[in-house]
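These notes concern the structure reproduced below.
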Amino acid sequence: MTLADLDKTYLWHPFTQMADWCAEGHTPLVIERGEGVYLFDGEGRRYLDGNASIWTNIHGHGHPAIDAAVRSQLGALAHCSFLGTSNPPAIRLAEKLVGLFPPDTLSRVFFSDDGSTAIECALKMAVQYFQLRGEAGRRKFVAFSGAYHGDTLGAAALGGIETFHGRFAKLGLPVVHAADGAALAAIPPGEIAGVVVEPLIQGAAGMRLWPPGTLRELRDWCDAGGALLILDEVMTGFGRTGKMFACEHEGVTPDLLALAKGLTGGYLPLATTLATERIYRAFLGGPAETFYYGHSYSGNPLGCAAALASLRVFEEEDTLAGLGPKIDHLAAALDGLAARQPRVAEIRQCGMIAGIELSGGDGSLGARVCTAARAHGLLTRPVLDTLVFMPPLSITAAQIDEGLAALEAAIGEVCTQSI
Ligand SMILES: *Cc1c(COP(=O)(O)O)cnc(C)c1O
């Protein structure tokens with residue numbers, strides 16, 4: 001059997017209708033190698049990684065510095081439990097991460113495995129924090145329509161996308177869903193432990209931008225009512241929006257911050273929840289105050305080594321300084337695309353994230369365009385009829401043009417067919 005056949009025989013893929021995946025006419029794409037912004041399949045065909053391997057990759061695949069750091073760590077230690085012991089890369093990474101925020105804001109780093117667990121951890125920290133402060137009545141969370149915070153039960157309860165979250169909405173924790181910042185005015189703050197939000201842009205909602213000032217508005221509401229502001233920078237963290245973190249655009253720092261996807265440069269599953277000293281201190285005491293939360297692979301040395309190396313690459317390659325011109329180039333190229341393609345209804349851009357919404361689709365148009373784009377050497381995934389282009393930050397201007405040309409060719413092909 002070929003690898004593709006074995007896949008269809010034994011695997012169950014995420015967010016995938018397996019009846020379609022396993023259908024006679026479908027051959028799974030098996031990616032065997034990555035180099036820079038490109039991925040290669042078993043036949044050696046090359047694809048530009050147009051969604052940075054589901055929003056994770058930062059400096060490209062096979063970056064020599066990150067490869068070397070992981071190899072070197074492998075020579076020392078692959079894993080040892082973080083429950084009761086520590087390890088050098090985790091210690092150094094925590095110091096580095098805290099240093100990325102203004103003094104006396106986020107000061108403690110809690111490790112977990114992925115975006116969902118970083119959010120779960122933030123929710124539990126918030127609930128226990130208020131219990132420890134004698135405010136046990138604060139146990140609800142505010143989250144937003146269109147929100148996506150992960151797929152574990154607590155994170156999914158925050159979610160505001162009916163297709164993904166509706167089925168499980170009643171199983172999770174108490175959540176008040178709000179349409180936007182203004183809707184908070186109608187929510188009594190006394191029972192709210194925290195407001196959870198993806199700053200600047202909601203990813204899985206189809207790359208939807210918040211009106212400028214929203215973060216500030218949420219910070220003020222939390223401060224006035226005594227709730228915690230919990231930011232989910234799982235997608236926006238590590239340069240995606242043009243600054244290291246999206247919250248910097250509005251000069252806001254959260255009480256709790258979830259980081260994952262780009263933390264290791266897109267290399268390994270590792271996540272952190274950062275907390276302020278005020279929250280951390282509430283947990284000091286005895287067994288009753290202890291935060292009983294953790295995972296087998298918390299603080300994994302390989303992941304931490306990759307994350308440290310990724311942060312070093314940010315410094316050595318001056319990644320953030322190089323982003324401005326790339327973001328401008330992307331904006332100009334997207335303008336051209338919209339002008340030439342009548343089926344482009346709206347383009348939403350935030351830094352190195354672009355959502356290209358097509359008109360007249362049925363929810364599957366985006367997927368058909370992305371499938372067609374593969375033949376032109378571009379790999380990406382849509383959100384319904386919104387095409388996503390968010391390549392590794394290491395992409396060059398010429399490669400941005402190449403990726404968008406592939407997308408445009410695919411839009412042309414598929415939309416002509418379907419008119
Ligand atoms: C991807 C994502 C998550 C979930 O992260 P996983 O690593 O997939 O569990 C949470 N929040 C946001 C904003 C995300 O984009």
Side-chain angles (χ1 to χ4, degrees), residues 13-16 51-58 110-124 141-161 163-165 168 172-173 175 177 194-210 214-215 218 229-241 245-247 249 254 256-274 293 295 297-298 300 303 306-307 310 348 350-355 380-384 386 388-390 392-393:
H13 285 264
F15 281 80
T16 300
N51 73 344
S53 297
I54 205 76
W55 320 347
T56 59
N57 195 283
I58 302 288
F110 192 97
F111 283 111
S112 61
D113 304 339
D114 50 49
S116 307
T117 53
I119 289 290
E120 295 287 339
C121 173
L123 298 177
K124 287 194 170 179
F141 291 89
V142 175
F144 293 91
S145 316
Y148 180 81
H149 298 290
D151 292 328
T152 53
L153 273 178
L158 298 170
I161 301 174
T163 317
F164 300 163
H165 306 122
F168 307 109
L173 76 169
V175 176
H177 277 99
V195 174
V196 189
V197 69
E198 297 153 83
L200 260 54
I201 178 166
Q202 289 185 319
M207 304 305 163
R208 304 217 160 261
L209 304 173
W210 287 111
T214 299
L215 257 191
L218 300 183
L229 180 63
I230 303 171
L231 292 189
D232 178 349
E233 293 231 25
V234 171
M235 176 183 79
T236 52
F238 302 100
R240 256 302 141 199
T241 66
F245 299 106
C247 60
H249 290 274
L256 294 165
L257 174 68
L259 299 173
K261 290 193 169 99
L263 172 61
T264 60
Y267 265 59
L268 286 157
L270 182 77
T272 66
T273 306
L274 276 77
Y293 184 101
H295 295 285
Y297 286 96
S298 295
N300 175 255
S310 173
R348 296 180 288 273
C350 177
M352 288 297 279
I353 306 171
T380 187
R381 232 181 122 83
V383 178
L384 299 175
T386 296
V388 171
F389 188 68
M390 50 183 296
L393 304 185

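As the structure lists them, so they are numbered: ligands from 1, and atoms in each ligand from 1.
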The reported gap from CG in Leu257 to SG in Cys247 (rounded to nearest 0.5 angstrom) is 6.5 Å
Sequence neighbours excluded, the answer for ring pair (Phe, Tyr, Trp, His ring centres under 6.0 Å) partners of His165 is Tyr148
Sequence neighbours excluded, the answer for side chain to side chain donor-acceptor pair (under 3.5 Å) partners of Thr117 is Ser112, Asp114
Exercise. Would a 4.5 Å heavy-atom cut-off, applied to side chains only, mark Met390 and Arg240 as touching?
Worked result: yes
Between the protein and ligand 1, which nitrogen or oxygen pairs come in under 3.5 Å, and how far apart is each?
| from | atom 1 | to | atom 2 | distance (Å) |
| --- | --- | --- | --- | --- |
| ligand 1 | 5 (O) | Gly115 | N | 3.4 |
| ligand 1 | 7 (O) | Gly115 | N | 2.8 |
| ligand 1 | 9 (O) | Gly115 | N | 3.4 |
| ligand 1 | 9 (O) | Ser116 | N | 2.9 |
| ligand 1 | 9 (O) | Ser116 | OG | 2.6 |
| ligand 1 | 11 (N) | Tyr148 | O | 3.4 |
| ligand 1 | 11 (N) | Asp232 | OD1 | 3.3 |
| ligand 1 | 11 (N) | Asp232 | OD2 | 2.6 |
| ligand 1 | 15 (O) | Lys261 | NZ | 2.6 |

Note: Ala147 and Leu158 closest approach over all heavy atoms is CB-O, 4.0 Å
In short, salt bridge (Lys or Arg N to Asp or Glu O under 4.0 Å) pairs touching residues 196-209 with sequence neighbours left out are Arg208-Glu357
